[in-house]
Amino acid sequence: MSTLNCPEEVYLAEKLIAMNPWADMVRFARSGGEANSIAIRIARAASGRDKVAICGYHGWHDWYLSANHNDGDELSGHLLPGLSPNGVPKNLKDTVYPFNYNNYEELLSIVEIIFDECTSGFRETFGGIYQKYGVEPDMAMYGKTIGNGYALTAVVGTRAVMEATQNTFISSTFWTERIGPTAALATLKVMERVKSWETITEMGNKMRNGWQKLADAHHLTISISGIPALSTYSFVSNDAMAYKTLITQEMLKKGFLASTNFYASTAHNDANLELYFEALDYVYQLIAQCEKGNLQIENLLKGPICHGGFKRLN
């Protein structure tokens, strides 16, 4: 542990700039929320403007959660509903404005975009998902997969924007530790060799097809969303959350830690999916009987119905 830059941090920065040819500079952190807060601080310093438009989930810090001071639960359509802004200064109201994905009218006044790739990065391309859409952002944040589980995130940006850090203060002792960059260098080397993004996309599509096939077989309606490698689904039913709870309850009995989400890994294989769907078929049978009125879901559950988002039980 040292406050000096380790060699691996420099090598990783050079690698990320080579992968993102529009970028010139990199700032490392440890969590996605940190990376997003760093990017917002830099963007505000570079632009001289305070107000931010967001789409999606970007962490737990004050700048983001302040959106729920505006006119109620404005973040509900951005992955996590019901987030309370208690503890966030009320004078941050009307500084962050959510807009809905693909709603161009809500984006007309926005000319600079930051890409939060903490979750999507390296899951559809060797780098950011922005590559698929012909966009070159001013800044992009990477995390999650970049270190294969080790704590590391990176803010990559153009020199014109990133130089604004010289006129503000962004610092943490732990951002210069050596483990994260070392893990990321090794991870990127393997990713590039095995083309991991292709493997996990293929596995994700197999999972999605399996869910749909099972739902059709039991005459259930489900809604699947997310990119293939980060797939999720929900039952189109008033008892959707209860059914999600039942899946976790019953699949645990069969040795699976399962919900209605799937984060694909290169370690997953067809044999895993076969065993998974064999076990899930029984749970879908129960859900189908509930939908027909032959069983009561409340009689099947051994505990409370799960909640949405990041609400805590403790």
Side-chain angles (χ1 to χ4, degrees), residues 32 56-58 77-81 101 116-129 132 142-150 187 190-191 194-237 239-288 291 301 305-311:
Y57 171 67
H58 304 295
H78 299 267
L79 185 62
L80 300 176
Y101 178 71
D116 176 9
E117 302 260 12
C118 282
T119 300
S120 58
F122 301 96
R123 283 193 160 106
E124 291 220 344
T125 71
F126 187 50
I129 201 171
K132 296 183 63 176
Y142 295 107
K144 311 299 183 190
T145 59
I146 192 173
N148 199 34
Y150 286 89
T187 299
V190 174
M191 279 185 188
V194 304
K195 293 183 171 53
S196 58
W197 59 95
E198 294 179 358
T199 302
I200 61 176
T201 295
E202 180 184 3
M203 190 58 58
N205 281 322
K206 287 180 178 179
M207 178 64 85
R208 294 158 77 100
N209 291 336
W211 284 336
Q212 191 62 62
K213 183 178 179 180
L214 203 60
D216 292 343
H218 292 284
H219 306 289
L220 296 169
T221 304
I222 62 173
S223 175
I224 301 174
S225 59
I227 63 175
L230 300 174
S231 292
T232 185
Y233 73 96
S234 61
F235 292 94
V236 181
S237 168
D239 291 319
M241 296 304 288
Y243 295 156
K244 178 180 178 180
T245 307
L246 184 68
I247 287 174
T248 299
Q249 173 184 294
E250 296 303 313
M251 292 296 278
L252 275 174
K253 295 177 183 177
K254 299 173 182 295
F256 290 88
L257 180 60
S259 179
T260 52
N261 306 318
F262 178 58
Y263 278 36
S265 164
T266 55
H268 289 123
N269 56 44
D270 291 343
N272 297 149
L273 263 62
E274 184 177 349
L275 291 173
Y276 165 81
F277 282 117
E278 285 178 4
L280 190 62
D281 181 70
Y282 167 72
V283 190
Y284 270 47
Q285 289 180 39
L286 294 177
I287 293 171
E291 283 291 281
L301 297 178
I305 294 175
C306 70
H307 47 73
F310 278 3
K311 292 180 182 177

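We number each residue from 1, following the sequence as shown.
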Geometric class of the Phe256/Tyr276 ring pair [parallel <30°, tilted 30-60°, perpendicular >60°]: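 Because their plane-to-plane angle is over 60°, the rings of Tyr276 and Phe256 count as perpendicular.
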So which atom in [X] and which in [Y] form the shortest heavy-atom distance, rounded to 0.1 Å?
{"X": "Ala267", "Y": "Asn272", "value": "O-OD1, 3.7 Å"}
{"X": "Met203", "Y": "Asn269", "value": "CE-CA, 3.8 Å"}
{"X": "Cys118", "Y": "Gly32", "value": "SG-CA, 3.7 Å"}
{"X": "Tyr142", "Y": "Gly128", "value": "OH-N, 3.5 Å"}

Taking [X] for its side chain and [Y] for its backbone only, find out whether a donor-acceptor pair lies under 3.5 Å.
{"X": "Thr260", "Y": "Tyr233", "value": "yes"}
{"X": "Ser223", "Y": "Val236", "value": "no"}
{"X": "Thr201", "Y": "Ala229", "value": "no"}

Which residues share a salt bridge (charged side-chain N to carboxylate O under 4.0 Å, His left out) with [X], sequence neighbours left out:
{"X": "Lys206", "value": "Glu202, Asp270"}
{"X": "Glu274", "value": "none"}
{"X": "Glu124", "value": "Lys132"}

Check against side-chain contact (heavy atoms from CB on, under 4.5 Å), Asp239 and Ile305: CA-CA 10 Å; Asp239 291 319; Ile305 294 175; over 6 Å; no
Spacing of [atom1] belonging to [X] relative to [atom2] belonging to [Y], to within rounding of 0.5 Å:
{"X": "Lys144", "Y": "Ser120", "atom1": "NZ", "atom2": "OG", "value": "11.0 Å"}
{"X": "Trp211", "Y": "Leu220", "atom1": "CH2", "atom2": "CG", "value": "14.5 Å"}
{"X": "Leu273", "Y": "Leu280", "atom1": "CG", "atom2": "CG", "value": "10.5 Å"}
{"X": "Leu214", "Y": "Glu278", "atom1": "CG", "atom2": "CD", "value": "11.0 Å"}
{"X": "His218", "Y": "Asp281", "atom1": "NE2", "atom2": "CG", "value": "3.5 Å"}
{"X": "Thr232", "Y": "Lys244", "atom1": "OG1", "atom2": "NZ", "value": "6.5 Å"}

Close side-chain approach of Tyr282 to Lys254, heavy-atom, < 4.5 Å: yes
Of Leu230, Thr266, Thr145, the residue whose pairing with Ile200 passes side chain to side chain contact (heavy atoms under 4.5 Å, CB included):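 Of the listed residues Leu230, Thr266, Thr145, the side chain to side chain contact (heavy atoms under 4.5 Å, CB included) partner of Ile200 is Thr266.
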Test log, rule side-chain contact (heavy atoms from CB on, under 4.5 Å), inputs Arg123 and Ile129: CA-CA 8 Å; Arg123 283 193 160 106; Ile129 201 171; over 6 Å; no
Other residues, nucleotides, ligands: >12 heavy atoms within 6.0 Å of Tyr150 OH: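 Atom OH in Tyr150 is not crowded, with 12 or fewer foreign heavy atoms closer than 6.0 Å.
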Centroid-centroid under 6.0 Å between Tyr284 and Phe235 rings: yes
side-chain contact (heavy atoms from CB on, under 4.5 Å) evaluation trace for His268 with Phe262: CA-CA 11 Å; His268 289 123; Phe262 178 58; 3.5 Å; yes
Candidate pair Arg208 and Ser231, rule side-chain contact (heavy atoms from CB on, under 4.5 Å), full reasoning: CA-CA 7 Å; Arg208 294 158 77 100; Ser231 292; 2.9 Å; yes
